[in-house]
Amino acid sequence: MSQTEPTEHWLRLLQEAVDRSAEGITISDASRPDNPIVYANEGFERLTGYTRQDVIGQNCRFLQGPMTDQDTVSTIRRAIEQGTECTVELRNQRKDSTPFWNRLSITPLRNEAGRVTHFVGVQSDITELKETRDQLEIANQGLEQFRREITQQMEQARKAQEFLLPPAGVTKDPRVDIVYKYVPTTQIGGDLLDIVQLQDDAYGILVADVTGHGIHAALLSFTASMAFKSIAPQYRSTKAAMRAVNETLCGQLHDDNFVAMFYAILDPTTQSLTYTQAGTPPALLVRRQTAEVIPLHTRGTVIGVLDDIQLEEQRIQLETDDKVLFYSDAIVESINPAGEMLGVAGLQAFLAERGHLPLKALLDEIYAYGQEFSGQATYDDDFTLVGLEIED
Ligand SMILES: Cc1cc2nc3c(=O)[nH]c(=O)nc-3n(C[C@H](O)[C@H](O)[C@H](O)COP(=O)(O)O)c2cc1C
């Protein structure tokens with residue numbers, strides 16, 4: 001059947017559709033006093049429990065009760081007075097006094113002269129929807145509260161983690177300057193750095209990166225930090241210290257967690273640097289006198305996985321004005337918009353140009369270089385960078 005079929009058929013079909021509609025449909029006569037209902041369909045009867053005989057000739061406000069919001073009723077009243085459409089959600093009650101939520105749409109019908117002659121009302125029972133929405137609202141409030149608590153706890157954890165960082169002026173030694181820059185990605189990070197004073201004025205410098213981010217990684221980094229702090233002062237060999245840290249952590253890390261570490265011991269008297277690399281990128285030595293940037297590698301694997309770990313130790317003689325940079329992988333894993341990674345070679349090239357800068361400024365420039373390279377204001381990973389310089 002289409003609209004080109006004889007009008008009578010068409011009208012019958014329309015009448016049938018309106019009568020049988022699952023929604024409540026009512027028509028009121030706007031020309032009669034108090035806008036009484038002149039038509040109500042089966043859907044309206046089912047929804048409200050009133051029969052057509054009950055309602056024909058009545059104004060539809062009989063569905064309202066003490067729980068009906070009066071501001072919403074005023075909205076309907078204004079729309080009817082002005083002859084405009086309106087859709088509202090309001091509490092109504094059935095014939096048996098049970099309440100329900102009604103989504104009511106009222107549309108004016110006009111004659112050829114433009115005068116409103118009737119209104120069509122469509123009533124839908126949205127009680128379930130409303131209840132689900134209310135429950136969702138309550139659940140959302142609970143979630144919001146939970147989020148606030150977690151944020152607060154993360155903030156406290158971050159403060160606790162800050163407490164583990166070495167104090168700002170770590171070295172009092174005029175022969176050596178050691179500074180660091182640490183910027184965790186989330187409020188708490190999985191990177192770990194430490195600078196400890198050893199016997200004979202030596203310094204132990206650790207940069208470590210724990211798998212993952214967030215609370216889990218932070219807890220692992222706490223564990224690793226505690227292990228390192230208690231073990232490091234007992235050793236003057238970086239390899240022996242890392243083996244001991246590995247032994248402790250092997251029993252404490254679970255699943256596929258591990259820690260990458262670079263540990264170096266500087267003896268300012270002899271200016272020698274001993275180091276062990278375990279799964280991190282190499283440290284970089286910037287040699288001012290020859291303008292070289294030398295990667296400090298040793299063979300080795302990550303800490304916390306294998307009991308019998310294979311590690312190496314190397315020693316290098318530093319010279320006045322030498323700088324050494326220790327870092328976690330955030331900087332070298334910076335990716336530019338073309339998808340290329342900065343890499344150790346990229347950092348080396350940067351240091352070849354800018355390595356002469358004062359140490360503190362150099363760390364800031366490396367941080368800014370990574371941002372510039374990736375075109376992003378923040379790093380995807382915790383950023384840890386420690387620099388040491390042999391002074392005159
Ligand atoms: C066609 C039509 C259907 C209506 N259906 C409802 C309804 O289902 N529930 C309701 O609370 N009010 C309904 N109303 C609104 C009331 O009839 C009335 O207009 C409203 O209460 C504001 O007027 P008052 O302040 O004089 O009561 C409907 C109005 C019209 C014109």
Side-chain angles (χ1 to χ4, degrees), residues 1-3 5-141:
M1 173 123 6
S2 76
Q3 290 189 36
E5 296 282 323
T7 315
E8 205 180 308
H9 285 170
W10 185 238
L11 282 178
R12 210 176 306 133
L13 181 71
L14 273 181
Q15 165 92 44
E16 186 82 359
V18 175
D19 281 345
R20 304 267 174 275
S21 165
E23 311 297 288
I25 298 180
T26 43
I27 300 176
S28 70
D29 186 345
S31 64
R32 282 167 48 191
D34 207 25
N35 207 2
I37 293 174
V38 290
Y39 169 81
N41 73 346
E42 291 169 14
F44 183 86
E45 289 183 319
R46 270 195 304 275
L47 171 65
T48 64
Y50 288 100
T51 63
R52 291 174 213 208
Q53 289 82 346
D54 289 335
V55 301
I56 302 294
Q58 308 289 324
N59 181 292
C60 222
R61 72 172 75 81
F62 61 81
L63 290 172
Q64 297 164 11
M67 70 308 210
T68 309
D69 177 57
Q70 285 311 307
D71 287 345
T72 314
V73 173
S74 302
T75 305
I76 307 173
R77 187 167 46 245
R78 266 197 309 277
I80 287 176
E81 281 165 6
Q82 291 164 9
T84 53
E85 277 181 43
C86 83
T87 299
V88 292
E89 291 177 2
L90 79 172
R91 292 259 278 174
N92 275 169
Q93 59 189 22
R94 299 189 176 84
K95 191 172 180 178
D96 64 5
S97 298
T98 54
F100 69 98
W101 273 100
N102 185 358
R103 175 182 289 146
L104 170 66
S105 290
I106 300 176
T107 311
L109 301 180
R110 295 173 188 277
N111 62 13
E112 280 163 4
R115 233 180 53 126
V116 176
T117 57
H118 297 83
F119 287 94
V120 180
V122 178
Q123 289 90 352
S124 313
D125 184 354
I126 56 158
T127 311
E128 253 178 56
L129 187 76
K130 200 85 180 162
E131 276 166 6
T132 313
R133 244 198 258 153
D134 289 351
Q135 280 163 6
L136 213 64
E137 175 75 9
I138 292 168
N140 267 343
Q141 280 169 5

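Fair warning: this is a prediction, and the values are worked out from it, not measured in the lab. First listed ligand is number 1; within each ligand, the first listed atom is number 1.
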task: Could you pull out all residues at least two apart from R133 that satisfy salt bridge (Lys or Arg N to Asp or Glu O under 4.0 Å)?
output: E89
Partners passing salt bridge (Lys or Arg N to Asp or Glu O under 4.0 Å) against E85 (at least two apart in sequence or in another chain): none
Cationic N near anionic O, under 4.0 Å, R12 to E16: no
- request: Tell me, yes or no, whether the heavy-atom count around E128 atom CD, taken from other residues, nucleotides or ligands under 6.0 Å, exceeds 12.
  value: no
- line: The residue among F119, Y50, F62 that forms side-chain contact (heavy atoms from CB on, under 4.5 Å) with I37 is F62
query: Can you list the residues that meet the side chain to side chain contact (heavy atoms under 4.5 Å, CB included) rule with D69, with sequence neighbours excluded?
result: D71, T72
message: I'd like the residue list for ligand 1, meaning every protein residue with a non-hydrogen atom under 4.0 Å from the ligand.
response: T26, S28, N35, N59, C60, R61, L63, Q64, V73, I76, R77, I80, L90, N92, N102, L104, I106, F119, G121, Q123
